[in-house]
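Worksheet: one structure, shown below.
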Protein chains: 2
Amino acid sequence: MLRLSKLTDYAVVVLVRLSVGEAVQTSPGVASSIGIPEPTVAKVLKALAGSGLVASQRGARGGYRLMRPLAAIPVSDVIAAIDGPIALTACVDGAATACETSSLCPVAGRWDPVNEAIQSALDGITLADMQKSAIPRAFRLPHPTQSIAAAE
Amino acid sequence: MLRLSKLTDYAVVVLVRLSVGEAVQTSPGVASSIGIPEPTVAKVLKALAGSGLVASQRGARGGYRLMRPLAAIPVSDVIAAIDGPIALTACVDGAATACETSSLCPVAGRWDPVNEAIQSALDGITLADMQKSAIPRAFRLPHPTQSIAAAE
DNA sequence: AAATATCGGACCGTGCGGGTCCTGTTTCAG
DNA sequence: CTGAAACAGGACCCGCACGGTCCGATATTT
C-alpha cells in the first residue's frame, strides 16, 4: 500500500543522473546510463519538463537540463510531477461522483489531515537527501556482478 | 499518486461505525448502516481482525467488536492492516527480484527516509482525529443537497 | 441438534499503470 | 541548403493488481 508508481522512482533516478553533468543530456543517453528503456525515460523526462523541474533543448545537440539543484527539489515535487497531486483517496477531489450515492458515509474519508501530514513530510525531504543515503560507489558500475560481489 | 486503496477508506468508516456501540455488530449490520456491500465489509473486517484491530465473535449472536478506542488507533495501523506494510516502492522489500537486473540503478530508490517520514506522520494521526475533523452533522443526512447549501 | 454468523479460501471482471511506437517539429551540422 | 538528431505529443496495447463476489467449513448459541 501507499505504493507510488514505478515512474516516480524512475524520475528520481533520472534527476539524480541529470545532476552529475552541467551539460544537457539526451534521453537515450540517460536511459542507457541508468538501465531503463528509452521510451520510458523519455516519458518521465517529458513529465518533468512539464512541471518545470527540467528544461528541454530541442533540435540536434539538444537534451534535458536540470533547472534546480537536487537540494532544492523536494520529493513531493517529483511525485506531483509524475503522479499528479498528492491525495490518498478519491474522496477529496472526485467526491461528487463517488460519494453522492452514499449519503450515509460518516467519515466521508476525512483524509485531509493525513494528506497534509504526508505532504509536509514529503516537502522536508529533498533529492539530495535521497542521493546522500544511496551507496555512492554504485554510480558507475561497468561490471555489475563483480562490483556487487566486491562491495559485499 | 499516493492513492491508498478504497478498502482502506472503507476500513476507517467501518472502524468508526464499530465504535458507536459497545456491543458486537454483525458485518451485514455494519454494511447496511454505512452503505457498503456486505462482502466487501466482511473482507475488510476480516483483515482488521487479522491485525488485531477488531475481535471476532463466532457463532450465533456473533459479530465484531472494536478492541481499542479510536484515539488509540493510528491510521498507519489501519493502512498496514489493509494494504500491508507501508512501503512506497517495491525496491525496499522485493528488491531482489526487480533490481537485480539493473545493477546500474544509482539511487536504487533510496526511499527509506521518505518511508520513515510518512510512517511517523501517519502514526501521529488517529482515527479519533479523522472522526473529529469530519463534519458532525453529516452523520445523518436525509437530504444532502440542502445541508450542503446551508453550510455555505 | 439446529440455526446463525464468522472464517477462509478461491474466483473473476475491470480499471489503470507501465511500456511501446509513430509522426511532427525544431534545431544544429555539414 | 539539406539532412540528421532529438524533443514533443499524441495513440495504442498489454499485464497486473485491486475491487467485488461467492461458497464451503467451522464454531457457538439457543
Side-chain angles (χ1 to χ4, degrees), chain A residues 1-11 13-14 18 23-32 35-65 79 81-84 87-91 94 97-98 101-102, chain B residues 1-11 13-14 18 23-32 34-52 54-65 79 81-84 87-91 94 97-98 101-102:
Chain A
M1 132 67 10
L2 263 187
R3 69 154 50 103
L4 50 77
S5 65
K6 205 181 296 182
L7 272 303
T8 306
D9 195 0
Y10 290 167
V13 179
V14 167
L18 222 52
V24 296
Q25 303 184 31
T26 69
S27 53
V30 173
S32 65
I36 297 175
E38 294 104 301
T40 301
V41 171
K43 174 182 275 190
V44 169
L45 257 335
K46 198 177 305 178
L48 293 175
S51 298
L53 288 176
V54 301
S56 65
Q57 176 93 7
R58 300 191 59 165
R61 282 271 318 180
Y64 288 94
R65 185 171 49 85
I79 295 177
I82 302 295
D83 285 339
L88 289 99
T89 62
C91 251
T97 56
T101 60
S102 64
Chain B
M1 131 67 10
L2 263 187
R3 71 152 50 100
L4 49 78
S5 65
K6 205 181 295 182
L7 273 303
T8 306
D9 195 0
Y10 290 168
V13 179
V14 167
L18 223 51
V24 295
Q25 303 184 31
T26 69
S27 53
V30 173
S32 64
I34 60 181
I36 298 175
E38 294 105 320
T40 302
V41 171
K43 173 181 275 189
V44 169
L45 257 334
K46 196 178 307 177
L48 293 176
S51 299
V54 302
S56 65
Q57 178 91 6
R58 300 190 60 164
R61 283 271 318 180
Y64 288 94
R65 184 171 50 86
I79 295 177
I82 301 297
D83 285 339
L88 290 98
T89 61
C91 252
T97 56
T101 59
S102 64

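Letters A, B, ... are given to chains in the order of the sequence lines, protein chains preceding strands, and every chain is numbered from 1.
Dashed line: the shortest gap from a side-chain N or O of A/Tyr10 to OP1 or OP2 of C/dG19 is under 4.0 Å. For C/dA5, neither phosphate oxygen OP1 nor OP2 lies less than 4.0 angstrom from any side-chain nitrogen or oxygen of B/Ser27.
Between atom CG of residue A/Asp9 and atom CD1 of residue A/Ile79 there is a gap of 10.5 Å, rounded to the nearest 0.5 Å. The line from CD1 of B/Ile82 to CG of B/Leu7 is 6.0 Å long, rounded to the nearest 0.5 Å. A/Glu38 CD to A/Thr40 OG1: the interatomic distance, rounded to the nearest 0.5 Å, is 9.0 Å.
Of the residues in residues 46-59 of chain A, those with a non-hydrogen atom less than 4.0 angstrom from any atom of DNA chain D are A/Lys46, A/Ser56, A/Gln57, A/Arg58, A/Gly59.
Computed from coordinates, the B/Gln25 CD to C/dT6 C1' distance equals 15 Å when rounded to whole Å. A straight line from CD of B/Glu38 to P of D/dC22 spans 10 Å, rounded to a whole angstrom. Between A/Ile36 atom CD1 and C/dG17 atom P the separation is 19 Å, expressed in whole Å. Here C/dG17 presents its C1' atom at 9 Å from CG of A/Asp83, a figure rounded to the nearest Å. Remark: C1' of D/dA17 and CG of B/Leu7 are 12 Å apart, rounded to the nearest angstrom.
In this structure, of D/dT29, C/dG19, D/dC7, it is D/dT29 that holds the atom nearest to the side chain of B/Arg61. If you check D/dG19, C/dG19, D/dA8 against the side chain of A/Lys6, the one that comes closest is C/dG19. Comparing C/dT6, D/dT21, D/dC7 against the side chain of B/Thr40 picks out D/dT21 as the nearest. Of the candidates C/dA3, D/dG20, C/dT27, the closest approach to any side-chain atom of A/Ala60 belongs to C/dT27.
Contact detail for A/Pro37 and A/Ala31: the closest heavy-atom pair is C-CB, 4.3 Å. A pairwise comparison of heavy atoms in B/Arg61 and B/Val24 identifies O-CG2, 3.9 Å as the closest pair. In plain terms, the two heavy atoms of A/Leu48 and A/Ala81 that are nearest each other are CD2-CB, 4.1 Å.
You'll find the side chain of B/Leu18 reaches within 4.5 Å of the side chain of B/Leu45, heavy atoms only.
Nucleic acid contact class of A/Leu45 (heavy atoms, under 4.0 Å, all strands): none. Residue contacts shown for A/Pro37 are limited to sugar-phosphate atoms, with no base heavy atom under 4.0 Å away.
Toward the 5' end of DNA chain D, the nearer of the two residues A/Lys43 and A/Gly63, judged by each one's closest nucleotide, is A/Gly63.
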